[in-house]
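Mind looking over this structure? Questions follow.
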Amino acid sequence: MSIFGIMRTGVSGMAAQGSKLGAVSDNIANVNTVGYKRASTEFSSLISEGNHSEYNSGGVETTTRYAISDEGLIMGSTSKTDLAIKGNGFFVVTDAGGTPYMTRAGAFVKNGSQELVNSAGFYLMGYPIQNGDPTVVANSLDGLERINLANVAYEANPTVSGTLKGVLDSNAAVIAPGTLPSDNVAGSTYSSKASIVSYDNLGNKTFLDVYMAKTGTAPDTWQAVVFDQAGATAGGFPYAGGPLANVALAFGPTGQLTTAPANFTVAIPGGATATIDFSQVSQVATGETALELAVDGNAPSAVESVDIADDGTVYAVFENGARRATYRIPLATVPSVDQLTPQSGNVYSVSDRSGDVIVGFPESGSFGSIRSGALEQSNVDLATELTAMIESQRSYTANSKVFQTGSEILDVLVNLKR
């Protein structure tokens, strides 16, 4: 072997160990970085072409690999918009210019535009579901948009449905004709009364008075009558404008409801026509009537917080307590995850060796689930990295000795000619 070959080999080994030290240094620096994936170096021999009857010095070829597929420890956090993935998959994010990437770094917060952006400045992407369940394009990121909750703020929803359930007292007195709630006269009486708030098309509250009155005993029959509370006279009968709904209820010998269909409609003043389901009403000898009426709809309200389910559904929680599904977060992956190309900000882009992107929803197929209020930590083991650093430092020193020996031999050779 030539002296220059010895020196070249030593320099190559030093460079290789320098690359390893660089990877170890990055790992140690990012040991607390959310979603960071450990880098490592692998070496292979590099042989120079020449006469195979004698040894030809070569060198070391260095390859950097990333343990992207190794899941880090998932730890809880105090923010509902902090997201972690339990299992396979990556969040789809974009930079300010709209270029898509994949990441496991889920430390998202709402910015001033009500978008979810992580600590590296990448925007979380999702499918809007305001108009129904989205359809995933399995091999493309088309159809995704930035999750933006500003679009659903201060939205009002009119009352369109409700439920009346409970029990009626079979021993209640029969109300005489002419004084029933449906007669709407000053002397109208009833068996029970309940009031409930509904919402018109603009989100204004409309209070409804619901009366129940027993009208007969053979068979047992009742009537349910609904009035607009605003039309009441001194808080009661008669009401201006008459009833909004009037429906007869009949019960069998065992107290079961026999009326079909078991629903009635109420035209909400200034709003929609609501369908009230009363199939859960029965009649028993309770001594009192106990009914519960609930309707949907809400007044205009700002988004107060965000809830994210394990299946990726993003719910906007309004100040009045109402919840609305707004987006669904997909997950993406590739056939060879460890061949993704790392980019600044703990994001990855598709490479020719990783294969094309595959998109699906959490908890479907091979995709994992999303954990709200949690973060995936770095998969770096500090003890392992410190051990690797010591080994690399020793190898670096040994290679420097090879280079130093070659230099000394070269000095002796030069001095022989003097």
Side-chain angles (χ1 to χ4, degrees), residues 20-42 64-95 100-111 116-126 147 305-312 314 329-334 336-349 354 360-363 366-392:
K20 184 174 181 178
L21 280 171
V24 170
S25 176
D26 282 345
N27 291 338
I28 294 176
N30 288 281
V31 68
N32 292 318
T33 300
V34 172
Y36 177 80
K37 300 301 180 179
R38 177 177 55 86
S40 62
T41 54
E42 296 182 0
T64 302
R65 298 190 182 279
Y66 296 88
I68 303 174
S69 58
D70 292 348
E71 187 174 331
L73 178 66
I74 294 179
M75 297 184 64
S77 75
T78 58
S79 174
K80 292 182 179 180
T81 56
D82 281 342
L83 303 177
I85 300 172
K86 181 64 176 178
N88 298 326
F90 297 81
F91 297 113
V92 180
V93 295
T94 64
D95 60 15
Y101 298 97
M102 297 187 295
T103 187
R104 300 270 295 194
F108 295 101
V109 295
K110 288 192 296 181
N111 63 8
L116 293 181
V117 58
N118 69 9
S119 54
F122 291 91
Y123 299 88
L124 181 62
M125 304 294 286
I147 293 178
S305 62
V306 179
D307 282 344
I308 301 175
D310 290 354
D311 66 354
V314 180
I329 302 171
L331 296 179
T333 189
V334 292
S336 183
V337 172
D338 289 336
Q339 297 296 331
L340 288 168
T341 302
Q343 307 285 351
S344 296
N346 274 350
V347 296
Y348 304 93
S349 58
S354 67
F361 284 127
E363 299 185 331
S366 61
F367 290 103
S369 58
I370 291 178
R371 296 288 186 266
S372 176
L375 290 172
E376 180 181 355
Q377 303 302 304
S378 165
N379 63 3
V380 173
D381 179 68
L382 188 57
T384 300
E385 298 303 321
L386 292 175
T387 301
M389 182 177 65
I390 294 172
E391 293 175 348
S392 181

Going through the distances and angles, do Q339 and R65 end up as a side-chain contact (heavy atoms from CB on, under 4.5 Å)?
CA-CA 8 Å; Q339 297 296 331; R65 298 190 182 279; 3.9 Å; yes
Under the side-chain hydrogen bond (donor to acceptor under 3.5 Å, both in side chains) rule, what do S79 and S77 come out as? Steps first, then yes or no, please.
CA-CA 6 Å; S79 174; S77 75; 5.5 Å; no
So do the side chains of F122 and D95 get within less than 4.5 Å of each other, counting heavy atoms only?
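Result yes, sub-4.5 Å side-chain heavy-atom pair found.
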Can you find a pair of side-chain heavy atoms, one from N118 and one from L124, that are under 4.5 Å apart?
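A side-chain contact is absent here, since even the closest heavy-atom pair is not under 4.5 Å.
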Which distance, rounded to the nearest 0.5 Å, do you find between the CG of L331 and the OG of S366?
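Result: 10.0 Å between the selected atoms.
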Is any side-chain heavy atom of M102 closer than 4.5 Å to one of V93?
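When only atoms from C-beta onward are counted, M102 and V93 do not touch, as no gap falls below 4.5 Å.
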Considering residues at least two apart in sequence or located in another chain, which fulfil the side-chain contact (heavy atoms from CB on, under 4.5 Å) criterion with V337?
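Partners of V337 under the side-chain contact (heavy atoms from CB on, under 4.5 Å) test: I68, S69, F90, T333, V334, L340.
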Pairwise distance CD1(I329) to CG(D311) - rounded to 0.5 angstrom
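The CG atom of D311 is 9.5 Å from CD1 of I329, to the nearest 0.5 Å.
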Contact between L116 and V109 at the side-chain level, heavy atoms closer than 4.5 Å - yes or no?
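The answer is no; the side chains never approach within 4.5 Å.
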Would you indicate whether K110, at its atom NZ, is surrounded by more than 12 heavy atoms from other residues, nucleotides or ligands within a distance under 6.0 Å?
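Check passes, neighbour count above 12.
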Salt-bridge test for E376 and K37: reply yes if a basic N is under 4.0 Å from a carboxylate O, no otherwise.
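Looking at E376 and K37, the cut-off is met.
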Is any side-chain heavy atom of I74 less than 4.5 Å from a side-chain heavy atom of L375?
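Of all side-chain heavy-atom pairs linking L375 with I74, none is under 4.5 Å.
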Distance-minimising heavy-atom pair for D310 and I370:
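Closest pair (atom of D310, atom of I370, distance): OD1-O, 2.9 Å.
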Evaluate the criterion side-chain contact (heavy atoms from CB on, under 4.5 Å) for residue pair I85 and R371; output intermediate values, then yes/no.
CA-CA 6 Å; I85 300 172; R371 296 288 186 266; over 6 Å; no
Within this structure, what is the CG-OG1 distance for the pair L83 and T103, rounded to the nearest 0.5 Å?
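Reported to 0.5 Å precision, the distance equals 11.0 Å.
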Closest non-hydrogen atom pair, A105 against N346
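The answer is CB-CB, 4.2 Å.
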Heavy-atom closest pair, residues S369 and P362
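Smallest interatomic distance, heavy atoms only, reads CA-CB, 4.2 Å.
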Contact summary for G126 and P330, nearest pair of heavy atoms:
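Distance-wise, the nearest heavy atoms are CA-CD, 3.8 Å.
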Does the side chain of F108 reach to within under 4.5 Å of the side chain of V117, using non-hydrogen atoms?
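Answer no - side chains too far apart.
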Taking the side chain as everything from C-beta on, heavy atoms only, tell me whether T384 gets closer than 4.5 Å to N27.
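In short, these two side chains do not touch, never coming nearer than 4.5 Å.
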Could you go step by step and tell me if Y348 and Y101 meet the ring-ring contact (aromatic ring centres under 6.0 Å, His included) rule?
CA-CA 6 Å; Y348 304 93; Y101 298 97; 9.7 Å; no
As an exercise, state the distance from CD1 of I308 to OG1 of T81, rounded to the nearest 0.5 Å.
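Answer rounded to 0.5 Å: 6.5 Å.
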Tell me if the aromatic rings of F367 and F361 count as close, with their centers under 6.0 Å from one another.
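No, too far apart.
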Test log, rule side-chain contact (heavy atoms from CB on, under 4.5 Å), inputs L386 and V24:
CA-CA 8 Å; L386 292 175; V24 170; over 6 Å; no
Flag, side chain of N379 to backbone of R38, donor-acceptor distance under 3.5 Å
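Judged by distance alone, yes, a pair lies under 3.5 Å.
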Please determine whether side-chain contact (heavy atoms from CB on, under 4.5 Å) holds for the pair D26 and Y36, giving the CA-CA distance in whole Å, both sets of side-chain angles, and the decisive distance to 0.1 Å.
CA-CA 10 Å; D26 282 345; Y36 177 80; 3.9 Å; yes
Are any of the side-chain heavy atoms of T94 and M125 separated by less than 4.5 Å?
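T94 reaches M125 side chain to side chain.
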Should D307 and K80 count as an ion pair when the cut-off is N to O under 4.0 Å?
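Yes, this pair counts.
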Can you name the nearest heavy-atom pair linking V92 to A332, along with the distance?
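Smallest heavy-atom distance, with atoms named: CG2-CB, 3.7 Å.
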